[in-house]
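The structure appears below as structure tokens.
Letters go in sequence order (proteins before strands), and every chain restarts at 1.
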Amino acid sequence: AQDITVVFVPKLTGNAFFESANVGAQEFAKDWGFTVKYDGSPEASVANQVTVINNAINQGMDALCVSSVDATGLDDVMREAMAAGLVVTTWDSDVSGDARSIMVSQGTPEQLGKMLVDMLAESLTNRGKNVKEDEIKYCWHYSQATVADQNSWHVAGEAYIAENYPNWVNVAPDNYYSEQDAEKAITVGEAVLSAHPDLDGVICNDSTALPGQAQAAQNLGKTKEDISITGFAAPNSMKDYCRAGVLERWGLWDCQIQGALGCYMAYYLASGNEVKVGDVIDVPGIGEVEVHPNTVLDANAYTADDSGVVLLPERTVFTIDNMDNYDF
Amino acid sequence: MKRNIKKLIFRWEFALALILLLEIIVFGRLNPRFLKPRVLFGSINDFVSICIISLFVTFVLITGGMDIQAGSIVGLTSISIGVLWNDFGVNIWVACILGLLIGALSGAFSGFLIAFTDVQPMVVTLGGSFLYSGLAMVVSNLSEVEAYKGISGFPQAFLAITKGRINGIIPFQFLMFVALSFLAYFLLHRTKYGRKIFLCGVNRKAAEYCGIHTRKVVMSTYMLSGMSAALAGIILTSYLGTAKTDLGKELTMPIITAVVLGGTSNLGGKGTILGTALASLVIGILRFGLSMSGVNTQYLDIPVGALLIVSVAIRSVSSNDRLVSFIKHRFKRSYQKT
Amino acid sequence: MVISNPAHSEKPTVSARSIHKSFGSNEVLKGIDIDLYPGEVLALVGGNGAGKSTLMKILMGIYQADSGRLFVDGVETKINKPSIALANGIYLVPQEPMLFPNMSVEENIIIGFNENKAELRNRLKDTIQTLGWELDLKRKALTLSIAEQQLVEILRGLMRKSKLLIFDEPTSSLTFNEVEALFTMINLLRQQGLSIIYITHRLNEVFQIADRVVIMSDGLITLNAPVEEVNHEILVRGLLPTNIEYQENKICSIDINRECKPIFEVNQLTGYGFSNISFKVYLGEILGIAGIVGAGRTELVTSIFGKDDIINGKVILDGEDITGLSTHEVMSKGLSYVPEDRFLNGMFRISSVAENTTASSVDSLGHIALNKKREKEITNYFIDTFRTRVTGCEQEMGSLSGGNQQKVVIGRSITTKPKLLILDEPTRGIDAAARADVYAIINKLRQDGMAILIISSDMEEIVELSDRVLTMYSGQIVAEFNREDVNHDSLMAAAFGIVGGKV
Amino acid sequence: MNVANNGKQSKLKRTLNKLLHARELTSIIFLVLMFAVVGIINSNFLSVSNLTLSLNSSVVYTIVAIGIALVIITGEIDVSVGATLGMAASISATMVRDGSPTWLAFSAAILVGALIGLINGIGVSILKVPSIIMTLGVNSIVRGLIYVYTDGKWVENLPFDFKTISQSKLPGTGITLIYFSVIVIAIIVHLFLNRTQRGKYFAAVGDNEGGATLLGIPVNATRLSAYVICGVFSAIGGVLYASRVGFVTPISGNGYEMKVIAACVLGGVSMAGGVGTVIGASIGSLIMASISRVLVFIGLSSDYDNTITGCLLIIIVVFDAVMQRRNAVTARHERLRARTGNVNLGGIK
Ligand SMILES: Nc1ncnc2c1ncn2[C@@H]1O[C@H](COP(=O)(O)OP(=O)(O)OP(=O)(O)O)[C@@H](O)[C@H]1O
Ligand SMILES: Nc1ncnc2c1ncn2[C@@H]1O[C@H](COP(=O)(O)OP(=O)(O)OP(=O)(O)O)[C@@H](O)[C@H]1O
Ligand SMILES: [Mg+2]
Ligand SMILES: [Mg+2]
């Protein structure tokens with residue numbers, strides 16, 4: 001197929017994570033020989049995404065690769081897109097299984113929740129805490145109660161803590177939110193540290209909250225020896241804090257690969273190829289990927305031959321030692 | 001007759017209609033798909049909430065008020081309907097009616113404070129916008145479904161109210177908008193109530209001296225705009241198939257933009273429904289048309305802002321005798337020189 | 001070009017030559033020539049809408065003339081904004097006060113001066129002392145009554161060291177003694193060589209203060225003569241529109257039956273600004289309430305009208321107790337009130353004349369839908385009977401001249417067919433012809449059986465109109481006169497609290 | 001006469017009286033009340049370090065609020081301050097990231113802020129576009145331009161030197177130099193507005209435009225300068241934001257316009273124009289900036305964030321409005337009551 005255009009839809013534009021994914025997608029697509037059109041609205045909302053997708057349909061695009069802000073809110077419009085002959089894939093954040101063909105996932109909520117908790121546990125251990133026995137005081141700080149994936153990680157993480165570290169105490173079971181406002185992230189971060197002087201760790205599963213929380217600790221003169229801060233954020237935004245000794249480790253997956261892969265799957269299908277659950281596809285420059293059934297993410301998920309999940313990329317934990325290998 | 005035509009041509013609504021026409025022509029040339037009736041009419045699905053709410057926010061602005069809380073009421077209504085239906089087992093249609101009631105109450109509460117304590121409307125509705133979006137969170141906590149998930153799985157009949165199209169072309173939303181425009185037009189321009197709204201906006205004290213219950217009138221406009229926001233909440237919930245607390249949160253600025261571009265004065269006393277209706281279409285179609293022509297969504301604010309400033313500037317400059325005569329003077333002089 | 005006039009040895013301070021001005025298709029000034037000489041007070045009179053204020057605004061640079069030239073001290077000057085006028089020593093005390101509501105009286109007066117503040121304050125205190133006016137300099141302007149606002153505006157003008165000082169109906173809300181004080185001051189300024197324009201509708205003021213009289217009518221100057229050469233008669237004739245017969249408007253007294261029950265009764269009423277007020281009004285009667293500024297008349301009637309609390313006492317309208325009811329209720333019981341501050345409480349500036357006329361009776365215009373035909377009928381009826389000068393019932397209220405605005409507001413108040421009509425300063429700013437019209441209207445209304453309560457600071461008016469007069473002083477009724485006993489002097493004395501020679 | 005009476009009052013008493021009747025007092029009382037209540041619930045809140053942190057973290061709100069207060073006092077509004085802030089933050093951040101000296105980045109940001117302010121000012125005062133429309137439009141455009149300028153990317157890894165600007169403390173205190181400077185600016189602007197001829201024009205223009213024109217007050221120039229100053233202050237806010245946060249996202253400053261407007265109103269600046277002080281606006285900013293911090297200390301679920309912000313805002317303004325009105329009515333009634341029956345109050349002397 002010639003001249004295929006994949007519309008690559010982030011939850012919102014102007015966010016480091018999605019911008020990096022776009023960079024990756026554009027670079028790979030150049031090599032692969034198709035066009036990626038990055039289109040999203042500066043405000044993350046279902047209605048805005050629906051508009052963007054409708055526009056793609058109306059413009060007669062070939063394929064969509066969407067990170068959905070809502071688990072079900074895009075289902076109808078995605079089905080409409082399929083009916084209009086577009087290939088519909090998702091990445092990062094999914095819709096219902098029957099409303100898309102392939103999802104490129106960074107992992108299940110359980111995996112990511114566990115990763116967050118493990119990173120905290122490791123940081124704590126490294127500063128001499130006994131994570132299995134000490135009464136560890138911690139809390140979560142992220143963007144908003146309405147953001148789907150961050151919340152699902154939090155829920156899964158809490159479950160994991162309840163199971164493995166019953167001795168831990170969450171000082172704020174309702175969490176702290178900073179609404180992707182960087183300044184608010186600092187203010188809330190400072191308040192969290194001052195209100196709970198004996199806090200041991202903060203998990204920031206939001207790419208604005210993590211640097212904000214780190215800056216707050218820095219403002220208060222706290223280092224990784226006083227408090228363990230960890231979470232998800234692009235490596236570039238945290239390198240300085242890591243060098244300054246404010247935090248020890250944080251994580252993410254290679255969102256550039258993820259974005260590129262999502263677009264590739266869309267392109268692959270739009271070029272007339274068929275993909276079934278169980279197939280293994282060779283992606284040039286990335287490697288072989290396997291299409292799993294939807295149940296790898298959620299046991300009750302919709303299953304069908306033409307709807308599956310690609311689990312990639314691997315998640316990375318960044319520390320002072322490896323962070324300079326990544327530039328995004 | 002001739003005078004009437006002249007009067008018509010100099011009306012702002014006429015200019016807006018021209019702009020709308022121009023948009024359709026220009027975007028049609030840029031991308032012929034744009035002109036497909038199904039596509040063109042279908043585009044309203046994505047901005048019908050702005051159209052509907054701005055019709056009634058016009059009422060508020062005419063009384064000299066300001067309403068920046070409508071967006072929050074959309075979310076509050078949506079989640080309330082969802083929770084009522086999902087967790088309290090209320091029939092979906094009853095839930096919708098309760099939703100309208102919630103919208104009306106929210107509007108009435110702010111309206112009450114504005115009308116009875118004379119606090120500046122912008123501030124009260126700013127507080128309202130925080131309060132109602134906060135309440136939406138509280139309501140969503142009543143549900144067993146976590147806030148971030150959104151409540152879905154509504155009955156087919158409910159979803160169908162926004163899915164249908166007449167002849168497969170004109171979506172129901174468009175009809176709703178037209179019907180509501182007529183309703184709003186009738187209310188504002190043809191009833192005694194509408195007249196009182198204008199009088200309150202022009203000079204509230206004088207309206208008091210005329211025996212008009214200005215407080216009730218002012219309060220009622222906020223109630224109406226709250227109800228229209230609730231209606232938009234219902235439509236959005238049905239259209240998206242999910243009830244969420246944050247639906248509509250990005251609508252505030254577009255609503256105000258549509259109302260003021262429609263010619264309503266934020267000082268009160270002036271404005272028309274036709275103007276607002278046309279302006280909301282002008283903005284919606286502009287955004288849609290630009291997207292169809294390949295402009296990235298994140299840059300759409302630039303042309304919309306420019307349109308807003310330029311059109312209003314031209315209007316105010318051309319109605320400013322002093323500036324016009326100054327410009328004419330200049331022009332004449334440079335003309336004579338050459 | 002140097003303009004001189006053989007009658008004057010000096011050069012004119014300001015001159016205007018063939019000034020034209022139109023608003024849209026309405027030609028307001030049709031070629032005005034005027035010279036203003038130092039040390040001369042020029043009285044400018046003319047009907048409502050003659051273009052007086054417009055001409056003054058052109059001198060002040062608020063409006064620009066469409067054509068014509070202005071000369072200051074013989075030099076042609078383009079005055080296209082007020083700051084230029086000010087720089088040329090021209091200052092206008094506007095017809096409608098334009099104070100800064102949130103500033104104190106003092107700030108209001110001294111803002112815009114470049115002088116030393118302390119000096120300025122002293123000068124202000126001296127001026128107030130000389131005038132003998134009662135003004136709390138610390139009060140915020142928004143708490144001032146319309147009369148007090150006018151005092152502040154006048155003070156602003158007097159403080160300016162200008163060459164040409166324009167007063168546009170400065171005394172429309174003021175009573176005798178404030179006017180007297182102002183005139184003393186103007187005389188002082190005249191001696192200092194200032195040139196003064198004094199616009200008024202009160203013709204006797206012309207003879208008190210002016211050196212020269214100019215009559216404007218329909219945008220043209222129709223008379224320009226030294227005051228010695230004119231008399232009251234000439235002025236009245238010069239002011240009346242040519243097509244209207246002047247009728248000396250003697251209000252014929254009709255028989256009022258004071259035996260039967262009064263239509264309106266106030267009993268021992270006490271509120272804020274007045275105390276222990278009792279009076280009765282009978283069908284077909286015109287009751288005047290006289291008093292000086294601040295006597296509490298407005299407070300009395302606005303409290304009755306539901307605008308302020310009543311502390312004690314009773315108000316009875318046609319046998320019904322209406323004490324403490326809301327404005328809406330009071331109106332529906334049959335009481336109408338024309339407020340004294342037209343700008344603030346009386347008119348809808350950007351609405352049409354029709355909308356203004358029917359504003360009080362919206363509820364009677366159809367069931368739900370507005371009956372626009374009926375509205376038009378009502379409006380046209382009032383335009384015709386009041387001889388209101390409008391281009392049509394769609395004209396914007398704000399573009400009417402003051403007098404015509406007042407006619408619309410009065411018209412509105414009787415659209416509700418009230419039993420009692422209260423008029424607070426009904427002819428403020430109205431010209432002689434319109435005044436005659438208003439009087440005729442009032443007369444007709446009472447003949448139709450309406451009871452009327454008139455508050456006016458113009459003693460002549462009270463004398464001319466009332467069947468009975470009450471005078472208020474410091475919130476209390478100090479005297480009552482029957483028609484036969486009313487005269488200017490007795491009223492004046494009572495208004496200052498002097499009854500029967502004692503205070 | 002009243003004039004004479006006032007003269008007799010001792011100066012101290014008069015100053016005290018003035019202070020007691022200042023509108024800012026209500027705001028301060030609310031602030032103190034809020035802090036006290038939170039302090040009772042969680043005593044950590046009243047620690048010196050937390051209190052100084054509260055002050056320090058209100059710095060961005062405060063500087064922007066001072067700017068917007070000027071515009072509001074002239075009777076207009078500026079909803080583009082958030083976008084201006086974001087633009088200035090992006091520009092200064094990219095410049096220092098790419099190696100420009102801080103002063104240059106700072107100047108560039110201020111220049112852009114002034115330019116945006118100038119455009120707003122020209123639109124409002126010369127082209128007579130209603131200010132809400134003008135600034136709404138400029139807001140959209142500038143927001144869009146931020147995306148164009150940054151290409152939607154975050155500006156990260158700002159040099160340490162730049163970040164420390166917002167962190168260096170006034171010797172011997174926990175207060176940052178920056179906050180201290182902003183307070184000095186507030187005081188200077190306050191003195192300018194209240195003590196100088198030109199400064200008083202701002203309130204005059206907002207109070208009664210027609211009256212101001214008539215007195216020869218340069219209405220347009222005053223409004224224009226209010227917008228330019230507002231743009232400059234927003235831009236300063238942007239640089240401080242960049243320095244404080246350490247990275248800049250394209251949505252930086254989103255929604256700040258509403259928050260600083262709320263701050264002004266909390267501090268007693270009237271949206272109708274003509275009334276208010278920048279000191280009040282600064283206090284209002286402190287309240288606004290403290291709300292999210294307060295919630296953390298109360299330990300209430302963040303789900304209630306917006307509910308409580310909304311309630312606080314409404315309660316404070318409604319309470320204040322009701323009190324103000326009551327005072328005005330009482331004053332009026334007292335004055336009127338004093339008049340009745342007082343035989344000496346006649347006009348003639
Ligand atoms: N801004 C305006 N726009 C349109 N028409 C106006 C405007 N100002 C005044 N006019 C018209 O100009 C005419 C003259 O008005 P002007 O105020 O000068 O009269 P005036 O002589 O001062 O009357 P009055 O004695 O009632 O004050 C009136 O017919 C009025 O309707
Ligand atoms: N908003 C207000 N706040 C405080 N005081 C006010 C307010 N409005 C009016 N007043 C007071 O009411 C008085 C009303 O005006 P005025 O002096 O004309 O008295 P009046 O009773 O109307 O006199 P008149 O007998 O001339 O009608 C003012 O002196 C002023 O003290
Ligand atoms: Mg006049
Ligand atoms: Mg009065």
Side-chain angles (χ1 to χ4, degrees), chain C residues 60-62 81-87 92 94 97-103 107-108 111-114 124-125 128-129 132-143 156 175-178 181 270-276 292-296 299 308-309 473-476 496-498 503, chain D residues 1-7 9 14 17-18 21 23 73 75 194-201 203-221 270 272-276 328-349:
Chain C
M60 190 61 198
I62 299 169
K81 48 182 177 187
S83 52
I84 298 181
L86 289 169
L92 166 69
M98 296 233 249
L99 301 182
F100 301 112
N102 288 301
M103 292 190 183
E107 283 174 307
N108 256 292
I111 190 167
F113 280 88
N114 290 321
L124 175 60
K125 277 174 200 169
I128 296 181
Q129 205 105 50
W133 285 348
E134 185 78 21
L135 257 185
D136 180 353
L137 291 178
K138 292 275 171 284
R139 254 171 83 183
K140 272 196 179 176
L142 64 96
T143 68
R156 264 184 180 173
T175 38
F176 185 72
N177 63 313
E178 285 92 1
T270 301
Y272 296 99
F274 55 91
S275 63
N276 282 320
I292 51 167
V293 168
E299 278 74 20
D308 205 346
D309 298 338
Y473 177 70
S474 281
Q476 278 157 333
F496 288 114
I498 305 156
V503 174
Chain D
M1 230 186 198
N2 281 312
V3 188
N5 288 344
N6 281 343
Q9 253 179 16
R14 232 187 312 169
N17 211 16
K18 217 168 157 184
H21 282 96
R23 167 58 183 75
I73 287 170
N194 290 283
R195 291 290 150 83
T196 66
Q197 187 70 244
R198 213 148 242 294
K200 283 189 176 165
Y201 289 172
V205 167
D207 219 0
N208 181 351
E209 186 179 341
T213 315
L214 195 62
L215 291 178
I217 292 173
V219 175
N220 288 350
S270 162
V275 181
V329 169
T330 321
R332 171 163 182 266
H333 283 172
E334 256 166 33
R335 186 161 51 239
L336 288 173
R337 218 206 283 261
R339 233 165 44 176
T340 52
N342 185 347
V343 192
N344 276 328
L345 259 172
I348 16 179
K349 287 270 134 79

Chain C contacts, top residue of D/Ala212, D/Ala204, D/Ser270, D/Ala203 (heavy-atom pairs, under 4.5 Å): D/Ala204

Look at D/Asp207, D/Asn208, D/Val329 and state which one has the largest set of heavy-atom pairs under 4.5 Å with chain C. D/Asp207

Where is the tightest heavy-atom contact between C/Gly273 and D/Leu336, given as atom of each residue plus distance? N-CB, 3.5 Å

On a heavy-atom basis, the closest approach of C/Met98 and D/Leu214 is CE-CD2, 4.2 Å

Under a 4.5 Å cutoff for heavy-atom pairs, which residue among C/Asn114, C/Leu92, C/Leu99 has the most contacts with chain D? C/Leu99

Interface check, chain C: of D/Gly206, D/Gly274, D/Gly216, most non-hydrogen pairs under 4.5 Å belong to D/Gly216

Tell me, for C/Ile84 versus chain D, whether the close heavy atoms (under 4.5 Å) come from the side chain, the backbone, both or neither. neither

In short, D/Gly273 meets C/Asn102 closest at the heavy-atom pair O-ND2, 4.1 Å

Please tell me if the side chains of C/Thr143 and D/Arg335 come closer than 4.5 Å, counting only heavy atoms from C-beta onward. yes

On a heavy-atom basis, the closest approach of D/Lys200 and C/Met103 is O-CE, 4.0 Å

Flag, side chain of D/Gln197 to backbone of C/Gly112, donor-acceptor distance under 3.5 Å: yes

If I take atom CZ from residue D/Arg337 and atom CZ from residue C/Phe274, how far apart are they, to the nearest 0.5 angstrom? 11.5 Å

Contact origin within C/Ile111 toward chain D - heavy atom pairs under 4.5 Å: both

In plain terms, say whether C/Asp308 and D/Arg332 are close enough for a salt bridge, that is, a side-chain N and a carboxylate O under 4.0 Å apart. yes

Looking only at C/Pro101, C/Ser83, C/Ala87, the option with the highest number of non-hydrogen pairs under 4.5 Å against chain D is C/Pro101

Close side-chain approach of C/Pro82 to D/Leu215, heavy-atom, < 4.5 Å: no

What closest approach, in Å, do D/His333 and C/Asp309 show between heavy atoms, and which atom pair accounts for it? CE1-OD2, 4.3 Å

